[in-house]
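Heads up, the thing below is written out as structure tokens.
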2 protein chains.
Amino acid sequence: MRLLLIEDERELADALSRALSKHGIVTDHTTHLADAFELTRQNSYDAILLDRRLPDGEGLTFIPMLRRTGTDTPVIVLTARNEPLERVEGLDVGADDYLGKPFLVDELMARLRAVLRRPPSLTELQITVGRMVIDPLHLSVTVESTPLDLPRRELLVLAALAKRKDKTVLRSTLEAAVYNYEEEIQSNALDAHISRLRKRLLDAGAGVAVHNIRGVGYLLKEE
Amino acid sequence: MRLLLIEDERELADALSRALSKHGIVTDHTTHLADAFELTRQNSYDAILLDRRLPDGEGLTFIPMLRRTGTDTPVIVLTARNEPLERVEGLDVGADDYLGKPFLVDELMARLRAVLRRPPSLTELQITVGRMVIDPLHLSVTVESTPLDLPRRELLVLAALAKRKDKTVLRSTLEAAVYNYEEEIQSNALDAHISRLRKRLLDAGAGVAVHNIRGVGYLLKEE
DNA sequence: CCGCGAAGATTGCGGCAGCATTACGGGGGA
DNA sequence: TCCCCCGTAATGCTGCCGCAATCTTCGCGG
């Protein structure tokens, strides 16, 4: 997936680009509306992230311009001006969504998915993998009907993986599943959890394997 | 326009109904999920407003239920629980938007307009080619429902090809899908990725072939 | 039908980023 | 007070991926 980011704060833009790249999203970045317009002509983006306050004008004016060229690429407006009335304004000129700064990258991702019309992920009540049954709502795990109690964080990781068993779960999704955004994470804590979780699953004979996809994330499958 | 409002606070519900009626919107109101489900079967709504905390359960669980019946009516979640992570949760189970209480009716209106304006399924969320199913948003690939893990770059190439299956994808488009501006490329790295991807797809028996159109690009089709 | 050049295919190599594992210690709960 | 969770960081390793060399295929012109 490829995004166009129109944002004049270098620092934020860089951070965002880096964060998005972890989701496998390629980000083009520009600080000016004029350049942005040119870029949309040369490339086809899946979505556009648009700041309101830009060096060469109010970002919102970009949207009608874009629409007039027949492009219906979704636009998500990012801005510190997050008053209700301003949100109305943004949505009414044709933005698809409006996100106040500061925001979680994961919320951005979620809104991206929503905007791109991601179909609903069915949430099952109980998930069976290998010899293990997981109830992600109640956070309980049993192996062959004997309960397995895992530390909280490992449990969260496992639940997040189980919800999408046999499919990759992005690393950042796992981080979001385990940490809220006050708890910043500045080490390989997640890796450590994965490692310990693996060991515990092995000891319990759960019949599952946590598999890594380098640069993308992890996935849970039967072994 | 006709809405379904699922909300257990009588007072808020009444006030909202009155306010919406001024905009020419007809509102059906119920306080329980069970009734709501019945109502969606009997009527066709333009959108659904959904509270999270309801007498008979968490409102979010309603969304997968609804989607499973094949209904893609937009759902806007209304709730006091407006923490970022909770918003992610809401959007990820298939809500189209999320609105924290208290909110302005005008903002609700704007979001309604935005949600109703969205073109139906801009990007498919799952693409099936041959024996393979690709989820370009979550970057996961399965062959006959067994996961296939591909390196990141090969994954991006495949996703780009799959999005336009049976159609040629320009070489430059592929490069754009895999690399951003900073990552310059001065070799046949893309060719190498294609080659390795082909091998992996063959080994996995994916039932697809990556064809080359000399001087133009590549295309993915079933074999 | 043949030859030639350009584009593509394939493969080994090496650097290095990302991952796995583990030990350590602080901190909180029983 | 003891135990275990869990964040941190050091260490070693794996395999992705950019690169380039070499071989193959394609298409065109004569």
Side-chain angles (χ1 to χ4, degrees), chain A residues 17-19 21-24 26 139 141 148-161 168-204 208-220 223, chain B residues 139 141 148-161 168-175 177-203 208-220 223:
Chain A
S17 295
R18 250 177 288 119
S21 82
K22 284 188 192 163
H23 291 266
V26 178
L139 291 178
V141 182
L148 172 65
D149 60 315
L150 295 170
R152 201 175 112 271
R153 303 237 120 128
E154 293 173 32
L155 203 49
L156 291 172
V157 171
L158 179 61
L161 288 170
T168 54
V169 182
L170 301 184
R171 191 187 183 84
S172 53
T173 305
L174 289 177
E175 283 170 2
V178 177
Y179 302 96
N180 70 36
Y181 73 119
E182 281 107 33
E183 313 172 293
E184 49 186 286
I185 177 150
Q186 48 166 326
S187 77
N188 62 346
L190 179 62
D191 303 60
H193 288 306
I194 297 266
S195 179
R196 289 170 201 151
L197 176 60
R198 278 183 176 137
K199 190 168 192 177
R200 280 200 161 90
L201 293 177
L202 193 67
D203 289 350
V208 299
V210 178
H211 199 255
N212 168 264
I213 291 100
R214 184 167 276 243
V216 183
Y218 292 86
L219 77 83
L220 182 73
E223 56 180 11
Chain B
L139 293 177
V141 181
L148 172 65
D149 58 306
L150 296 172
R152 198 170 59 96
R153 303 239 119 124
E154 292 172 33
L155 208 47
L156 292 172
V157 170
L158 179 60
L161 288 171
T168 55
V169 182
L170 297 185
R171 193 188 181 81
S172 57
T173 306
L174 286 178
E175 282 170 2
V178 177
Y179 301 97
N180 67 31
Y181 280 96
E182 281 96 42
E183 307 171 303
E184 292 243 352
I185 179 147
Q186 47 168 327
S187 76
N188 65 345
L190 180 61
D191 303 61
H193 287 306
I194 296 268
S195 176
R196 289 170 191 145
L197 176 59
R198 277 180 174 140
K199 188 170 192 177
R200 281 198 159 94
L201 293 177
L202 192 67
D203 290 348
V208 300
V210 178
H211 287 269
N212 169 262
I213 287 91
R214 183 163 274 245
V216 184
Y218 293 85
L219 80 87
L220 180 74
E223 56 180 10

Letter per nucleotide, 5' to 3', of nucleotides 22-30 of chain C [B base touched, S only sugar-phosphate touched, - untouched; heavy atoms, 4.0 Å]: BB-------
Length of the line joining B/Leu190:CG and C/dA7:P, which is rounded to integer Å: 15 Å
Approximate separation, where rounding is to 0.5 Å, of B/Asp149 CG and B/Glu154 CD: 10.5 Å
Contacts of A/Leu155 that satisfy side chain to side chain contact (heavy atoms under 4.5 Å, CB included) - sequence neighbours left out: A/Leu139, A/Val141, A/Leu150
Filtered N/O pairs between nucleotides 24-27 of chain D and protein, under 3.5 Å:
from, atom 1, to, atom 2, distance (Å)
D/dT25, O2, B/Arg214, NH2, 2.9
D/dC26, O2, B/Arg214, NH1, 3.4

Inter-residue atom distance A/Tyr218.OH - A/Ile213.CD1, 0.5 Å rounding: 9.5 Å
Spatial distance of atom CZ (B/Arg198) from atom NE2 (B/His211) [nearest 0.5 Å]: 8.5 Å
OP1 or OP2 of D/dC5 under 4.0 Å from side-chain N/O of A/His193: no
Contacts of type side chain to side chain contact (heavy atoms under 4.5 Å, CB included), residue B/Ser172, not counting sequence neighbours: B/Leu170
Interatomic distance, A/Leu156 CG vs D/dG7 P [rounded to whole Å]: 11 Å
Residue met sooner reading DNA chain D from 5', once B/Ser187 and B/Arg200 are mapped to nucleotides: B/Arg200
Distance (rounded to the nearest 0.5 Å) between B/Leu158 CG and B/Leu148 CG: 8.5 Å
Between the first and last five pairs of the helix from C/dC1-D/dG30 to C/dA30-D/dT1, the angle of the axes, rounded to 10 degrees: 40°
Minimum heavy-atom distance between B/Arg152 and A/Gly215, given as atom pair plus value: CD-O, 3.2 Å
Length of the CZ-C1' vector between B/Arg152 and C/dC19, whole Å: 15 Å
Let me check something: any side-chain donor-acceptor pairs from residues 190-197 of chain A under 3.5 Å, sequence neighbours excluded? List them with distances.
from, atom 1, to, atom 2, distance (Å)
A/Asp191, OD1, A/Arg171, NH2, 2.3
A/Asp191, OD2, A/Arg171, NH2, 3.1
A/His193, NE2, A/Tyr179, OH, 3.4

Inter-residue atom distance A/Thr168.OG1 - A/Asn212.CG, 0.5 Å rounding: 11.0 Å
Rounded distance (Å) that lies between atom C1' of D/dT14 and atom CD1 of A/Ile213: 15 Å
Whole-Å distance separating the CZ atom of B/Arg153 from the C1' atom of C/dG18: 14 Å
Spacing of A/Leu197 atom CG relative to C/dT21 atom P, expressed in whole Å: 11 Å
From CZ (B/Arg200) to CG (B/Asp203), nearest 0.5 Å: 8.5 Å
Closest non-hydrogen atom pair between A/Val157 and A/Leu174, with its separation: O-CD2, 4.1 Å
Whole-Å gap separating P (C/dG18) and OH (A/Tyr218): 12 Å
Spacing between B/Asp191 atom CG and D/dT22 atom P, to the nearest angstrom: 18 Å
